[in-house]
Protein chains: 2
Amino acid sequence: MSDLVERLRKHRWRMTPQRRVIAETLDGAHVHYTADEILDRACARMPEISRATVYNTLNEMVALGEVLELNFDGRSKRYDPNVEHDHHHLICEGCGITKDVHTVADPLDWLPGDERHGFAVTEASITFRGLCPECRRGEHRRS
Amino acid sequence: MSDLVERLRKHRWRMTPQRRVIAETLDGAHVHYTADEILDRACARMPEISRATVYNTLNEMVALGEVLELNFDGRSKRYDPNVEHDHHHLICEGCGITKDVHTVADPLDWLPGDERHGFAVTEASITFRGLCPECRRGEHRRS
DNA sequence: ATCTTAGCTTAGACTCTGTCTAAACAAAGA
DNA sequence: TCTTTGTTTAGACAGAGTCTAAGCTAAGAT
């Protein structure tokens, strides 16, 4: 069921119970959690799991290239098990919820040569911001 | 000389010596500093200035809409006195230097309705990443 | 001039994320 | 079973930023 677990296995990475819980928590989510949200959810299934393990494991998954680390609000990082290259992110200014989205064009093509300042530009990602349906009606508190 | 100081005045915002030093530091820069870098530079001109004042002042400028708060590395925020709406950012993966750039089209138009998940999408910004000319030849250390 | 009041600045304590350390704990091969 | 290597843990630590309570300053009212 968990595609991420499969992908991690391929790296000959030792799959421990802790790592499995973390990977499954990540992979099952339709939104991108912060490390602490993942810790909470992992704790629900395995109460003895430690904060250090969650942080270590997330960093290792990022290093293996199987998880993306996102950073939008300047506070906490969020983790995205979708490493497909051509996707972007939509963030709610109200509650911080983060979703993957796809655009109709590749933004790399839209930066003219004379705006590149001699850089070798290799990547472009778009951050869309707005209010999610819940936050549009009623006020919501940022978690 | 300082355009930002002028813009802030227009908000009937009390211009104190501390705020002037901070605004001039920000506005004189051709790259985007972190709060601590601004503190260092402000201290060079006014050694008694406090950290709290720098942070408060930057947040107020952001709230007034005259300065943009940027966040790329997940560590520290950077401040951009250019609030012109339609610009984006180009960041060097080597040294972290950050420049303003312009694209040929507005990315808001590239997100189809069925990718909006019911959000009211109001803003889109692109982060371009690559290597700056200095970092392309020779190795450079991230500051 | 001076008083009053609102707003600004300050030092330092605090919070929140995230990292590091050292010790205890598994697991796999010899 | 022993050894080696890798994993997990609690808690100490670090960096960035916020908050608090006190003192200070400036502008308008008298």
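Computed from a predicted structure; not experimentally measured. Scope of the values below: all heavy atoms of this structure, side chains included, with no hydrogens, waters or symmetry mates. Order of the sequence lines sets the chain letters (A, B, ...), proteins ahead of strands, with each chain counted from 1.
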Take atom [atom1] of [X] and atom [atom2] of [N], then tell me their distance rounded to the nearest Å.
{"X": "B:Met15", "N": "C:dG7", "atom1": "CE", "atom2": "P", "result": "17 Å"}
{"X": "A:Asp36", "N": "C:dC16", "atom1": "CG", "atom2": "P", "result": "10 Å"}
{"X": "B:Lys77", "N": "C:dC16", "atom1": "NZ", "atom2": "C1'", "result": "12 Å"}
{"X": "A:Glu37", "N": "C:dC16", "atom1": "CD", "atom2": "C1'", "result": "14 Å"}
{"X": "B:Leu39", "N": "D:dG15", "atom1": "CG", "atom2": "P", "result": "15 Å"}
{"X": "B:Leu58", "N": "C:dT9", "atom1": "CG", "atom2": "C1'", "result": "15 Å"}
{"X": "A:Glu48", "N": "D:dG11", "atom1": "CD", "atom2": "P", "result": "15 Å"}
{"X": "B:Met46", "N": "D:dT25", "atom1": "CE", "atom2": "P", "result": "12 Å"}

Please tell me if [X] has a side-chain N or O lying less than 4.0 Å from either OP1 or OP2 of [N].
{"X": "B:Tyr55", "N": "D:dT18", "value": "no"}
{"X": "B:Asn59", "N": "D:dT18", "value": "yes"}
{"X": "A:Gln18", "N": "D:dT9", "value": "yes"}

- Query: D:dG17 base to A:Arg75 side chain: any donor-acceptor pair below 3.5 Å?
  - Reply: no
- Between the base of D:dT18 and the side chain of B:Arg51, is there any donor-acceptor pair under 3.5 Å?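 For B:Arg51, whose side chain was compared with the base of D:dT18, there is a donor-acceptor pair (under 3.5 Å).
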By nearest atom, which of the nucleotides [options] is closest to the [X] side chain?
{"X": "A:Ser76", "options": "D:dA10, C:dT10, C:dG18", "value": "C:dG18"}
{"X": "B:Arg19", "options": "C:dC8, D:dT7, D:dT18", "value": "C:dC8"}
{"X": "A:Ala52", "options": "D:dT18, D:dT8, D:dA10", "value": "D:dA10"}
{"X": "B:Thr53", "options": "C:dT9, C:dA13, D:dT8", "value": "C:dT9"}
{"X": "B:Thr16", "options": "C:dT9, D:dT9, C:dT17", "value": "C:dT9"}
{"X": "A:Arg14", "options": "D:dT7, C:dT10, C:dG18", "value": "D:dT7"}

- Does one side chain, of B:His89 or B:Asp100, offer a donor that lies under 3.5 Å from an acceptor on the other?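 Yes, because at least one side-chain N or O of B:His89 sits under 3.5 Å from a partner of the opposite role on B:Asp100.
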- Item | Minimal non-hydrogen separation, A:Gly118 against B:Pro133, with atom names |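 Nearest pair, atom of A:Gly118 first, then B:Pro133: O-CG, 3.6 Å.
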- Query: What's the shortest heavy-atom distance between B:Pro112 and A:His102, and which atoms?
  - Reply: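 Smallest heavy-atom distance, with atoms named: CD-O, 3.6 Å.
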- So, does A:Arg116 use its side chain to make a donor-acceptor pair with the main chain of A:Leu111 at under 3.5 Å?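 Looks like yes, one N/O pair under 3.5 Å.
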- Query: Measuring from A:Ile126:CD1 to B:Trp110:CH2, what's the distance to the nearest 0.5 Å?
  - Reply: 5.5 Å
